[in-house]
There are 2 protein chains.
Amino acid sequence: MSVQERKERERASRERLIVATARELAEQQGWDAVTTRRLAERIEYSQPVLYSHFRGKREIIGAVALEGAAEMAVALRAATSAADGPRARVTALARAYLHFAERNPAVYDAMFQLDGGLAFAHEDTPQPLKDAFAALLESLDEVAGDGVHPALFTEVFWAALHGLATLTREGRLPPEDTERRVELLVDRLAKV
Amino acid sequence: MSVQERKERERASRERLIVATARELAEQQGWDAVTTRRLAERIEYSQPVLYSHFRGKREIIGAVALEGAAEMAVALRAATSAADGPRARVTALARAYLHFAERNPAVYDAMFQLDGGLAFAHEDTPQPLKDAFAALLESLDEVAGDGVHPALFTEVFWAALHGLATLTREGRLPPEDTERRVELLVDRLAKV
DNA sequence: TCGATTGTCTAGCGGTGCTAGGATCGAGTC
DNA sequence: GACTCGATCCTAGCACCGCTAGACAATCGA
C-alpha cells in the first residue's frame, strides 16, 4: 500500500503547488494573467493536469479563496488579541482587515470579488469562510449594543469594511484618508 | 454642411444604440455575455464598427457606467426630496441606493465592479460620477455630525452601502435582513 | 512476461478582443 | 451626368482563452 500512499502524497503536493502558483501569479500580475496555459507552464505540467485536480479555473480561484480566508482569520485574531478593551479591539480588527485586503489584493479578490464557486451564508459554507466570519464576530459582539443581534451587527460592520477595502483599492476612494475613515466608522458603529 | 451634420447625427445615434444594446444585453444575460461579436450582431453592424466609436470593450462599459451614474443621481434625489426631515431623508437615500443596485445589477457592475477605464476621486472624474456623489452628499452632510467633514462622512456611508449592495447581490449576505441592516446602519452612522 | 490500468501529453474545438487591408459607396468636381 | 477619390464598412484573420478527446507511455498486478 506504500506505493499508493506515496502517489497520494505527491498528488496532494502537486495540488498545493497549483494553488500556490496561481496565487503567486495573481498577486504578481493580476487574475487576468492567471490563464490555464501560463499556470500549467509554471508548474511544469501540461494544461490537462490542472483539470485532474480541479473542475476548472473557478475551482482554483475557490481554493485560493479558502486559503486566504484561513489566513485572514489568523491575522484578525492576532490583531485583536494584542489589543486592550473592546474599543481598541474593534479598531485593531478594522485596521487588520483593511491591511490584509491591501497586502493581499489577489487573495481578497478570490474571496470576495471573483466567482470561486463557493457557497456563502449557507449551511454548506466551507469552514474557513465560516471561521473568518467568526473571527469578526468574536470582537464585534461585545460592541453590538443592546437589542442588536451580534450576527446582524457583524454583517453591517463587515459590509462597511468590504466597501472601504474595495473602493479604496480600485481608486474610487483616495487612500490617504483611510485612517480617518476607520476611526469614524468605529466611532459610530461600535457601542463602547 | 447639411450632409455632414446628418452623418454626425447618425453616428451619434448609432453610438447611443451601441451603449443601450450593451446595457440591455448585460442586464439580460450578464456582462460575460456581452461580447463584441454578439453586440455587433445585435446592432446589425460588423465588429470593427464598435471600434470606430470606442477604443474597446472597456470604453463601452465606461459609457454604460456614466449613463447609470446619471440615472442613479436622479433616483437618489427623487427619493430624498420625497422625505421629511434629515433622518427620513437618509433612510430613503440608503433604500434608494440599494434598490437601484438591485434593480440594475449590470449597470451597478459597470459603475463600481468592472473596469470601465474611468477616473474616480480625481479632478478629471467625469461629471456624472461627481454628480452621483454630490447627490449622496446633499442628504448626508446634514447628519455628518459636528467636526466631521461631510465628504469623509459621505465616503464612509457610501462604502457601507456599497458593501451591503455587492455582498448581498453575490449571495454573501442573506437578502432577507436587508431592511434591518439599513436601519442599523442609519441608526448608528447618522447623527440625527 | 504480459495485459490492464493509470497518468500525462499533443492537438484541437469553439470561443474571446481586436485589427489589417480590401471592397464599396456616395459626395463633390468638372 | 460621369468621374474621381476619400470616407465607411466588412471579410478574414491574429493571438489568445477555457476546456477536452484521444493517443501514448509508464507502471502495476497476475
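All heavy atoms count here, side chains included; hydrogens, waters and symmetry mates do not. Quick note on labels: first sequence line is chain A, next is B, and so on, each numbered from 1.
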Output a table of nitrogen or oxygen pairs between the protein and nucleotides 14-19 of chain D separated by less than 3.5 Å.
residue	atom	partner	partner atom	Å
D/dC17	OP1	A/Thr35	OG1	3.1
D/dC17	OP1	A/Arg38	NH2	3.3
D/dC17	N4	A/Arg37	NH2	3.3
D/dG18	OP1	A/Lys57	NZ	3.2
D/dG18	OP2	A/Thr36	N	2.7
D/dG18	OP2	A/Thr36	OG1	3.0
D/dG18	N7	A/Arg37	NH1	2.9
D/dG18	O6	A/Arg37	NH2	3.0
D/dC19	OP2	A/Tyr51	OH	2.9
D/dC19	OP2	A/Lys57	N	2.8
D/dC19	O5'	A/Tyr51	OH	3.3
D/dC19	N4	A/Gln47	OE1	2.9
D/dC19	N4	A/Gln47	NE2	3.0

Worksheet entry | Spacing between B/Glu10 atom CD and D/dT8 atom P, to the nearest angstrom | 11 Å
Item to complete: Apply the side-chain contact (heavy atoms from CB on, under 4.5 Å) test between A/Thr80 and each candidate in A/Leu136, A/Leu93, A/Leu140; give the one that qualifies.
Response: A/Leu93
Side chains of residues 37-45 of chain B: which donor-acceptor partners sit under 3.5 Å, not counting sequence neighbours?
residue	atom	partner	partner atom	Å
B/Arg38	NE	B/Ala33	O	2.7
B/Arg42	NH1	B/Gln28	OE1	3.3
B/Arg42	NH2	B/Gln28	OE1	3.3

Fill in: Shortest non-hydrogen contact between A/Leu137 and A/Ala151, atoms and distance
CD1-CA, 4.0 Å
Fill in: Rounded distance in Å - CD (B/Glu44) to P (D/dC9)
14 Å
Discussion item. Could you tell me how far apart B/Trp31 (CH2) and C/dG17 (P) are, to the nearest whole angstrom?
Written reply: 11 Å
Item to complete: Rounded off to whole Å, could you give me the CD-to-C1' distance for the B/Glu41 and D/dC9 pair?
Response: 17 Å
Discussion item. In this structure, how many angstroms lie between the C1' atom of C/dT16 and the CG atom of B/Leu39, rounded?
Written reply: 14 Å
Please list, pair by pair, any protein nitrogen or oxygen found under 3.5 Å from a nitrogen or oxygen in nucleotides 21-26 of chain D.
none

Worksheet entry | Geometric class of the B/Phe112/B/Tyr108 ring pair [parallel <30°, tilted 30-60°, perpendicular >60°] | perpendicular
Practice prompt. Grab the OH-P distance between B/Tyr45 and D/dT11 for me, whole Å please.
Written response: 14 Å
Practice prompt. Verify, without hydrogens or angle tests, whether A/Arg172 (side chain) and A/Leu167 (backbone) share a donor-acceptor contact under 3.5 angstrom.
Written response: no
Discussion item. Could you tell me how far apart B/Glu15 (CD) and D/dT8 (P) are, to the nearest whole angstrom?
Written reply: 14 Å
Worksheet entry | Main-chain N/O of B/Gln127 paired with B/Asp131 side-chain donor or acceptor, under 3.5 Å | no
Practice prompt. Could you tell me how the ring of B/Trp158 sits relative to the ring of B/His162: parallel (under 30°), tilted (30 to 60°) or perpendicular (over 60°)?
Written response: tilted
Item to complete: Tell me, yes or no, whether the heavy-atom count around B/Arg11 atom CZ, taken from other residues, nucleotides or ligands under 6.0 Å, exceeds 12.
Response: yes
Practice prompt. Flag the pair B/Val156 / A/Arg188 as yes when at least one side-chain heavy-atom distance between them is below 4.5 Å, and no otherwise.
Written response: no
Worksheet item: Contact class for A/Arg14 (heavy atom, under 4.0 Å): base, sugar-phosphate, or nothing?
Response: sugar-phosphate
